[in-house]
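Presented below is the structure to which this report refers.
So that the names make sense, note that chain A is the first sequence line, chain B the second, and so on, each numbered from 1.
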Amino acid sequence: MSLRLYNTLSGEKEHFEPRVADTVTMYVCGPTVYNLAHIGNARPVVVFDTLFRVLRERYATVTYARNITDIDDKIIAAARDSGRSIESVTDEFTLKYREDMAALNTLPPTLEPHATHNIDAMIRLTQRLIERGHAYVSAGHALFAVESMPEYGALSGRRLDDMLAGARVDVADYKRHPGDFVLWKPAADDEPGWDSPWGRGRPGWHLECSAMIREHLGDSIDIHGGGRDLIFPHHENEIAQSRCSHDGEFVRYWLHNAYVDIDGEKMSKSLGNVRSVRDLLQHYRGEVLRLALLTAHYRSPLNFSSDLLDQARHTLDGFYTTLRSVEHIEPVGPVDITAEPVFAALEDDLNTPLALAELHALAKALHKALDAERPRLKARFLAAADSLGILQATPASWLQDATAADELDAAAIEQLIEQRRRAKQDRDYALADTIRNELMAAGIALEDTAEGTLWRRGA
RNA sequence: GGCUCGGUGGCAGAGUGGUUAUGCAGCGGAUUGCAAAUCCGUCAACGCCGGUUCGAUUCCGACCCGAGCCUCCA
């Protein structure tokens, strides 16, 4: 088997073939750092982190870039509203973004280019588009002329004529065509800006990705990812900028993840149902959030609910219980991860639900295996789980660490278990059951085994 | 209006032209002082109507319902 990915451009699953043998370049649209990341923002991060893990197993060099958009109207507004500097806002939320994403067991990207560090590249790109007749300057703006590109709309399956028919936007009078979009716009005196051939200003939203891809990854890259909503206009416009400023291929595979809904509704500020990752982490461990995001295929909508999170937690409890049962067994490798069914599922357009089913099969095999087979099975199980970015904690910490301050501490639990042991020894089962019920009420589940009584939280 | 994408058992969620997805929940059993964990067994599905086919949940068409994009947005 080899990697297959659904390419938005062709609308089909395709065999993945990197441009340069053994080398993969991937760019994923990152956050605009003006507030906390919500669970919807986290989905592409977890999805493409999982793809990153798969790619690293298959290819010698994988460069994964995820940008930080640190100049934007929303940031300016946020700074103004809170009376803070732009940098203070972007620094804070860049840091929190990294922390929150790390809590979801996502690996740091290879590169994290910042828009404000690449202004020169954006200016050069705009100049080139003007030289080539694909852009023009009007009323202090540099604008991309969509009519100069016959294939504009190929990614999103739109034609300019159709878009005009449904246009609901006021068309700025400085645009030649209503579909023309801003490459560079003038900045007011009290707004951040950079000098350019067209006056002091700042870049349009789409420009940074085209410029930073070229600057950091090259004229052509293998994979470009992001949420579905970016297909139009963002990625369409990136294609226009990049293809018209340089002949040849831009992106080979376009990947887009579907949305996260909250209790069946679209998450939006107006509905007041935006759930920040930081807030969710107060109640659920990052691994629970990660697994919840991976329970549905990335191209299907995911309905986020407390039910989903409880199920994810329950599933992880089960896996960690499996690991606890083989805790004394030393895993024995090496494991050829590419031969694992879990990995094969991931290589089929990141079929994470199937991969999880295969992981369940492996857990079952581990339970049933003879002692001689367990070291290898444990190694395979752990490696397979790692390709999904889960199950790398110790069973003890997962099952027994308190997640809230008001929980019974381990010493008190052990003490009650000892009392119960004596009661059982005295055949005082009524007392033993009373103690067990008390612990149960406190959220502690007991399991009697030949080696003694085990306990875990979350009952 | 234009362009996309969906509707699978109680729930979540893959997949396939003809033989059980999987997990959770349920039911029966083994085990246990009783439980838990584990194991064994078991119930149950493919929106509606046509068509193609020896045979369709899977292909084609219509219909119903739902979602997204076209405006900042993961």
Side-chain angles (χ1 to χ4, degrees), chain A residues 8 11 28-32 34 37-48 72-74 77 153 155-170 179 205 225-234 236 256-261 264-269 274 291-303 305 307-308 310-315 317-319 321-322 324-325 345 348-349 351-361 363-364 366-368 399 423-424 427-430 432-433 436-437 439-440 444-450 453-456 459:
Chain A
T8 305
V28 175
C29 288
T32 300
Y34 72 106
H38 57 66
I39 192 66
N41 296 316
R43 190 174 193 188
V45 178
V46 168
V47 164
F48 291 104
D72 173 273
D73 289 356
K74 291 191 293 287
L155 180 70
S156 54
R158 290 155 207 268
R159 295 178 308 132
L160 284 175
D161 300 348
D162 295 338
M163 291 191 293
L164 275 184
R168 281 185 272 151
V169 213
D170 290 335
W205 175 38
R228 282 191 86 88
D229 52 318
L230 296 180
I231 295 172
F232 190 90
H234 186 54
E236 196 71 74
H256 295 97
N257 63 275
Y259 284 99
V260 173
D261 296 329
E265 287 185 302
K266 182 180 172 174
M267 182 166 41
S268 74
K269 277 180 187 159
V274 175
L291 182 64
L293 290 171
L294 293 177
T295 51
H297 184 83
Y298 77 94
R299 284 189 286 113
S300 296
L302 176 71
N303 190 29
S305 63
D307 219 50
L308 175 76
D310 291 343
Q311 271 206 36
R313 154 94 200 255
H314 190 70
T315 299
D317 283 349
F319 281 137
T321 301
T322 297
R324 186 183 60 182
S325 73
D348 185 6
D349 193 32
N351 191 336
T352 52
L354 184 59
L356 285 166
E358 297 291 0
L359 194 63
H360 277 289
K364 194 168 189 172
L366 187 53
H367 268 299
K368 297 175 75 169
L399 295 169
K424 279 175 60 177
R427 301 202 165 262
D428 185 351
Y429 292 119
D433 289 351
R436 185 170 64 196
N437 289 338
L439 284 167
M440 184 70 81
I444 310 298
L446 300 188
E447 291 167 37
D448 292 337
T449 74
T453 298
L454 303 173
W455 64 273
R456 63 183 165 82

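Between L359(A) and F319(A), some side-chain heavy-atom pair lies under the 4.5 Å cut-off. In this structure, the side chains of T449(A) and L454(A) come closer than 4.5 Å at one or more pairs of heavy atoms. In this structure, L308(A) and T295(A) have side chains that are in contact, with non-hydrogen atoms separated by less than 4.5 Å. Annotation: side chain of V28(A) is not in contact with side chain of V45(A) (no heavy-atom distance under 4.5 Å). The closest side-chain heavy-atom distance from H256(A) to R299(A) is not below 4.5 Å.
G40(A) comes within contact range of at least one nucleobase, with a heavy-atom separation under 4.0 Å. Using a 4.0 Å heavy-atom distance criterion, V260(A) is classed as a base contact.
Of the candidate nucleotides A74(B), C70(B), A36(B), A36(B) has the atom lying nearest to any side-chain atom of E447(A). Set against U22(B), A74(B), A36(B), the side chain of H360(A) has U22(B) as its closest nucleotide. Side-chain proximity of T315(A) to G23(B), A74(B), A25(B): nearest is G23(B).
Atom CG of D317(A) and atom P of A37(B) are 10 Å apart (whole Å). Rounded to an integer number of Å, the gap from D229(A) CG to C72(B) P is 11 Å. Between R299(A) atom CZ and C69(B) atom C1' the separation is 17 Å, expressed in whole Å. Nucleotide G68(B) holds its C1' atom 6 Å from the OH atom of Y259(A), rounded to whole Å. Between the C1' atom of G23(B) and the CG atom of L294(A) lies a distance of 15 Å, rounded to the nearest Å. Between the C1' atom of A74(B) and the CZ atom of F232(A) lies a distance of 18 Å, rounded to the nearest Å. Taking atom CG of L446(A) as the reference point, atom P of A36(B) lies 12 Å away to the nearest angstrom. Rounded to whole Å, atom C1' of A67(B) lies 11 Å from atom NZ of K266(A).
Each of T32(A) and A357(A) was assigned the nucleotide of RNA chain B with the nearest heavy atom; the assignment lying further toward the 5' end belongs to A357(A). Residues P31(A) and R228(A) both approach RNA chain B. Their nearest nucleotides, taken by heavy-atom distance, put R228(A) toward the 5′ side.
Scored by the side-chain hydrogen bond (donor to acceptor under 3.5 Å, both in side chains) test, D448(A) finds R420(A), K424(A), T453(A) as partners (sequence neighbours excluded). For H360(A), the side-chain hydrogen bond (donor to acceptor under 3.5 Å, both in side chains) criterion is met by no residue, not counting sequence neighbours. For the side-chain contact (heavy atoms from CB on, under 4.5 Å) test, residues two or more places apart in sequence or in another chain that qualify with V46(A) are T50(A), L104(A), T106(A), R290(A), L293(A), L294(A). Remark: H314(A) pairs with no residue by the side-chain hydrogen bond (donor to acceptor under 3.5 Å, both in side chains) rule, at least two apart or across chains. In this view, E358(A) satisfies the side-chain hydrogen bond (donor to acceptor under 3.5 Å, both in side chains) rule with no residue, not counting sequence neighbours. Applying the side-chain contact (heavy atoms from CB on, under 4.5 Å) criterion to A357(A), with sequence neighbours excluded, gives no partner residue. With sequence neighbours left out, H297(A) forms a ring pair (Phe, Tyr, Trp, His ring centres under 6.0 Å) with no residue at all.
If you take atom P in G13(B) and the same atom in G7(B), they sit 11 Å apart, rounded to whole Å. Here the separation of A56(B) from C46(B), taken at their P atoms, is 14 Å to the nearest Å. Across C48(B) and G9(B), the matching P atoms stand 11 Å from one another, rounded to whole Å. Rounded to whole Å, the P atom of A21(B) lies 15 Å from the corresponding atom of G47(B). Rounded to whole Å, the P atom of U57(B) lies 16 Å from the corresponding atom of U16(B). Rounded to the nearest Å, the gap between the P atom of G6(B) and that of G17(B) is 16 Å. Atom name C1', nucleotides G26(B) and G10(B): the rounded distance is 9 Å, in whole Å. Rounded to whole Å, the P atom of G28(B) lies 13 Å from the corresponding atom of A35(B).
Ion pairing between a basic and an acidic side chain is recognised when a charged N comes within 4.0 Å of a carboxylate O; D433(A) and R436(A) show such pairing. Salt bridge annotation for E236(A)-R158(A): absent, with no cationic side-chain nitrogen under 4.0 angstrom from a carboxylate oxygen.
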Between the protein and nucleotides 57-61 of chain B, which nitrogen or oxygen pairs come in under 3.5 angstrom?
none

Tabulate atom names and distances for all N/O pairs under 3.5 angstrom spanning the protein and nucleotides 39-42 of chain B.
residue, atom, partner, partner atom, Å
C40(B), OP1, K368(A), NZ, 2.4

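Figure legend: cation-pi geometry between R228(A) and Y259(A) absent, as NZ or CZ is not positioned both under 6.0 Å from the six-membered ring centre and within 45° of its axis.
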I'd like to compare against my own output: the B/S/- annotation of nucleotides 26-34 of chain B with a strict under-4.0 Å heavy-atom distance to protein. -------BB
For a quick check, with a 4.0 angstrom heavy-atom cut-off, what is the B/S/- contact string for nucleotides 12-17 of chain B, read 5' to 3'? -SSS--
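Note: E447(A) CD to T321(A) OG1 = 6.0 Å, rounded to the nearest 0.5 Å.
R43(A) places a side-chain N or O within 3.5 Å of a backbone atom of A258(A) that can act as its donor or acceptor partner. With hydrogens and angles disregarded, no donor-acceptor distance shorter than 3.5 Å links the side chain of D348(A) to the backbone of N351(A).
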Writing each nucleotide of RNA chain B 5' to 3' as (, ), [, ], | or . by Watson-Crick or G-U pairing under 3.5 Å yields (((((((..(((.....[...))).(((((.......)))))....(.(((..]....))).))))))))....
